[in-house]
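For reference, the structure discussed in these notes is given below.
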Amino acid sequence: MADEAPSRPTAHALLADGTTVCIRPVRPADHDRLRGFYEDMSPENRRLRFFTTGGRSAEQAADRACAPPRPGHGALLAERQGRVIGLAEYDTGDTPGPEAEISVAVADGDHHRGVGTLLVEHLVSAARTEGVTAFTADALSENHEVLRLFTDLGLRITRRFDGPEVRCRIRLDPDDAYLSAVEARGRTADVLSLRPLLEPRVVAVVGAGRTPGSVGRALLHHLKSGGYPHRLYAVNPAAASILGVPSYPSVAALPRTPDLAVVAVPAAAVPSVAEECGKTGVRALLVVTAGLDAGQARELLAACRSHGMRLVGPNCLGLSNTDPALLLDATFAAAHPRPGTAGVAVQSGGVGIALLDGLSRLGIGVSTFVSLGDKYDVSGNDLLQWWESDGRTRLALLHLESFGNPRAFSRTARRVARRMPVLTVDAGRTDAGRRAAASHTVAAATPTMTRAALFTQAGIIATRSVGELLEAAALLHSQPLPGGPRIAVLTNAGGAGVLAADACAEARLTLPALSPSLVDEVCAVLPEGATAGNPVDATAAVTEDDLGACLDALQRHAGIDAVLVVLVPTAVSAATGDDLVRAVTAAGGRRPKPVALVRLEQALPVELLPATGGTAVPSYAEPQAAARALAHAAHRAAWLNRPAGTVPPLDGVDTARARAVVDTYLAAHPDGGPLDPRTCAELLDCYGIPQQPWAWADSEDHAVLAADRMRGADGRVVMKAHWPGLVHKTAERAVHLDLRGDAQVRAAYRDFETRFGDLLTGVVVQPLAERGTELFAGVVQDEVFGPLVLFGLGGTATDVLADHAARTAPLTDQDVHELITAPRCAPLLFGAGGGRPADLEGLEQLLLRLSRMASDLPQLAEADFNPVLAARDTVTVLDARIRLLPRPPQDPYLRRLR
């Protein structure tokens with residue numbers, strides 16, 4: 001690690017109190033500062049750290065930390081505004097090995113802020129990349145703070161007492177308990193860091209103009225007219241007052257330091273304003289200015305990081321918090337947002353305005369609205385954690401065009417989605433910017449599939465438009481979740497019922513036949529001529545009481561999960577349209593099953609109609625919209641009912657050997673590339689992935705000898721041509737099947753030599769595989785989303801039929817089950833059509849091991865197993881291709897700001 005330490009990136013992260021600290025490797029130039037750091041400690045703290053108060057301890061510690069880089073040693077320091085406030089080191093000793101001694105020190109005035117814990121988290125991540133599997137530490141038994149630090153990390157720890165000292169051993173296994181502990185610490189720090197931004201007690205608008213029409217003036221007007229009750233200032237050197245708000249020439253001249261500075265100055269002035277705000281002590285910036293160039297962007301972010309300010313924007317619409325005690329509206333939208341229970345985070349200002357208008361019209365309203373803009377700092381992940389803890393948000397709505405850390409976002413969203421619905425508009429579903437496909441795996445891993453995998457695993461409801469998002473939000477806000485996808489359609493017009501039935505089928509909802517007892521009950525309350533199928537046609541003569549009684553019967557029935565009512569205005573019945581709607585809204589508040597209404601004459605796409613008990617019934621203008629909303633609700637209910645899943649332990653995995661294989665290959669091929677068959681097989685063997693026996697041959701005679709070794713009981717073998725970069729063997733006619741005897745083997749080899757010439761580097765000879773289902777399994781390492789595991793139908797049909805499913809790694813046991821059952825070919829694996837079921841346990845193991853390989857090795861750009869033969873008792877990889885790239889290891893769960 002020490003050889004890499006100088007190039008290890010500097011990271012900014014949040015302490016337990018929400019303030020920002022810089023974590024970076026120690027450099028030789030830090031020697032005097034580190035010596036002073038130790039010398040400034042109290043004698044008692046030096047005794048606890050060094051077991052002595054001797055004067056040379058500080059000098060020796062600084063020497064050790066700043067020594068020339070060496071394997072097995074790493075040192076990280078924490079600094080805030082140029083002052084060292086903490087140091088953590090590990091050292092494996094003279095002979096690098098899997099265990100390292102660790103030490104931690106924190107400045108006297110910075111205890112109980114999480115400095116030591118944050119340093120150790122970063123040190124754990126650094127040590128793992130060097131193959132360290134455990135930390136050891138000696139501490140005085142009276143050093144309660146450091147012992148509590150080790151215990152609370154979330155890692156497995158053992159202690160051994162030896163007189164006044166305690167010997168601690170800390171396992172560095174990155175299990176879910178540790179990640180959850182890191183998340184919990186990060187959540188607390190994140191929420192505290194956002195308070196100056198979302199709950200400020202002093203706000204200044206920098207760039208508030210005197211001329212109507214300017215953005216700064218509009219922001220100031222919104223803050224004042226919205227009822228913000230705390231200190232509000234304008235910053236404008238040419239005015240003493242704007243809109244009745246006191247104005248000052250600079251941020252430094254303000255009588256009180258703002259918690260939040262709203263910046264609406266020209267792009268060229270943004271960096272200097274940010275620096276002034278930081279020096280003055282401002283804790284958060286909202287930058288609405290657009291058009292910053294790359295240099296201005298770097299300066300803005302550098303000012304925020306060096307002074308510990310959280311940043312929303314730039315290039316954004318603003319933010320608001322409708323808490324009655326705050327009424328903060330720092331946006332330049334046309335109207336103030338309606339207070340409510342939906343948290344909204346968007347990157348597009350236009351989408352933000354549409355959502356604010358739609359939520360206000362529906363009566364849902366917003367709790368907190370943040371327009372993220374170019375998203376230099378505060379992200380959707382931050383807002384999810386805020387909504388999780390604010391006590392007001394019941395619905396989370398996101399519009400994200402990009403993801404800074406998708407795997408951390410996925411863990412956060414998965415946790416938050418257990419508490420409230422999380423909905424998103426799936427923006428950016430194109431292939432733009434992606435590398436051209438080089439194998440089956442990459443070709444299959446479209447951006448849409450990648451995002452869908454992330455959303456599915458995290459329990460996020462992904463919609464395709466703002467309109468669909470509002471449709472789903474209306475139902476989830478107002479109605480209980482359905483117990484399943486079984487829908488009863490009730491209508492007063494047969495044709496409208498048919499439209500609704502089609503819409504339900506297209507949304508993958510089911511319309512079960514009604515039981516005989518339910519048919520009798522429905523017919524007893526409906527007018528003559530009604531039909532009690534599904535849809536239930538109540539006829540145009542239905543009355544309010546008839547409709548209400550029928551709806552009540554459908555809701556009570558155990559075989560129905562939700563009711564979709566479709567009404568059209570008629571002149572046949574004495575009941576008016578309002579009467580029939582009243583029957584629906586009355587029933588909508590009585591039963592713990594969702595009711596959705598469709599009124600084909602309705603002008604607005606979706607409305608919320610007041611219902612009995614203070615709830616509401618969503619009313620849609622189209623059956624398709626109602627069916628989509630019900631489907632989203634049913635999917636959420638199913639996700640909540642599924643086990644969360646765990647990543648199971650695997651035996652027979654040799655990660656250290658696998659990393660050595662990768663390092664050896666990349667040392668010889670610095671630019672990366674496809675692995676040869678031997679190296680590929682060795683890597684699979686490191687993870688216990690079953691492979692069809694094979695032999696390598698680079699001449700005709702060697703091919704005959706290889707075939708003799710590989711022949712099974714029937715004597716038949718397969719020969720596959722090989723050269724670096726060969727992907728589609730079947731398309732190149734680079735495979736000979738069913739070879740019998742030496743003559744056929746020789747003829748096959750000569751055919752390859754004739755057709756491929758100098759391109760051919762050799763052949764792989766294997767026994768002819770038994771019969772079974774040909775499948776495809778693979779991994780692509782997405783530069784943004786991390787490793788994505790794909791599974792589906794294999795063989796030559798894999799590209800044509802594209803029958804694939806995907807999940808992001810690491811896979812849980814639940815993910816693997818869903819991955820196996822999701823493709824259209826899944827029934828074949830369970831013995832459909834009289835076939836023999838496949839070895840499902842073997843398939844699960846294959847996918848778990850593939851996931852582990854991808855998670856362990858960031859250099860694994862692609863892995864393509866096609867075909868994978870799934871037979872009754874075995875699962876075997878018949879052909880494997882792996883491509884490596886020289887990528888540095890990254891810890892997606894390490895606490896750090898963007």
Side-chain angles (χ1 to χ4, degrees), residues 18 187 190-200 203 205 215 219 222-223 226 228 259-264 283-290 304 309-323 326-333 335-360 364-390 392-404 409 412-413 416 420 422-425 427 466 469 473 897-898:
R187 182 165 65 251
D190 209 10
V191 170
L192 286 173
S193 77
L194 294 178
R195 281 186 179 166
L197 184 75
L198 298 174
E199 294 180 349
V203 177
V205 180
V215 172
L219 287 160
H222 260 53
L223 282 161
Y228 179 68
D259 297 313
L260 171 64
V262 181
V263 180
R283 295 286 306 281
L285 295 185
L286 167 61
V287 180
V288 301
T289 306
C304 291
M309 297 182 290
R310 297 307 307 266
L311 167 67
V312 165
N315 185 26
C316 68
L317 179 66
L319 61 85
S320 64
N321 185 338
T322 65
D323 186 335
L326 191 66
L327 295 176
L328 174 76
D329 184 10
T331 72
F332 52 94
H336 296 297
R338 177 172 178 164
T341 58
V344 180
V346 298
Q347 281 191 258
S348 163
V351 171
I353 291 172
L355 287 176
L356 286 175
D357 289 347
L359 292 168
S360 294
I364 298 173
V366 301
S367 57
T368 310
F369 168 83
V370 180
S371 171
L372 299 167
D374 291 339
K375 206 171 65 170
Y376 285 9
D377 176 25
V378 174
S379 66
N381 201 44
D382 296 302
L383 272 301
L384 284 173
Q385 296 184 103
W386 177 267
W387 297 328
E388 182 183 15
S389 62
D390 70 359
R392 298 172 54 236
T393 303
R394 299 290 179 268
L395 199 65
L397 275 61
L398 302 170
H399 170 264
L400 303 176
E401 296 168 352
S402 63
F403 293 85
F409 171 81
T412 299
V416 175
M420 69 182 74
V422 179
L423 299 90
T424 187
V425 179
V466 172
L469 182 126
L897 295 171
R898 291 161 58 88

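Positions are given from 1 along the sequence. No experiment lies behind these values; they were computed from the predicted model shown.
Leu328 contributes atom CG, which lies 10.0 Å from atom OG1 of Thr322 (distance to the nearest 0.5 angstrom). Interatomic distance, Gln385 CD to Thr412 OG1, rounded to the nearest 0.5 Å: 4.5 Å. The CG atom of Leu311 sits 8.5 Å away from atom OH of Tyr376, with the distance rounded to the nearest 0.5 Å. Interatomic distance, CG of Asn315 versus OG1 of Thr289, reported as 9.0 Å (0.5 Å rounding). To the nearest 0.5 Å, atoms OG (Ser193) and CG (Asp377) are separated by 8.0 Å.
Using a 4.5 Å heavy-atom cutoff, the side chains of Val370 and Leu198 are in contact. Gln347 places a side-chain heavy atom less than 4.5 Å from the side chain of Leu400.
Test Asn381, Leu383, Leu384 against Val416 for side-chain contact (heavy atoms from CB on, under 4.5 Å) and you get one pass: Leu384.
Across every non-hydrogen atom of Leu356 and Ala333, the tightest pair is CD1-CB, 4.4 Å. Taking both residues in full, the closest heavy atoms of Ala342 and Leu397 are given as CB-CD1, 4.5 Å, listed atom of the first, atom of the second, then distance. The two residues Val191 and Ser389 make their nearest non-hydrogen contact at CG2-OG, 3.4 Å. Looking at every heavy atom in both residues, Val366 comes nearest to Arg392 through O-NH2, 4.5 Å. Across every non-hydrogen atom of Val287 and Cys316, the tightest pair is O-SG, 3.4 Å. In terms of heavy-atom proximity, Thr368 sits nearest to Asp390 at OG1-OD2, 4.2 Å.
Pairs passing the salt bridge (charged side-chain N to carboxylate O under 4.0 Å, His left out) check and including a residue from residues 338-354, sequence neighbours excluded, do not occur.
At a threshold of 4.0 Å, the pair Arg310-Asp190 counts as salt-bridged, since one of the basic side-chain nitrogens sits closer than that to a carboxylate oxygen.
Between the side chains of Asp382 and Ser379, at least one donor-acceptor pair of N or O atoms lies under 3.5 Å.
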Let's go through Phe369 and Leu317 carefully: what are the C-alpha distance in whole Å and the side-chain angles of both, what is the deciding distance for side chain to side chain contact (heavy atoms under 4.5 Å, CB included) to 0.1 Å, and is it a yes or a no? CA-CA 10 Å; Phe369 168 83; Leu317 179 66; 3.8 Å; yes

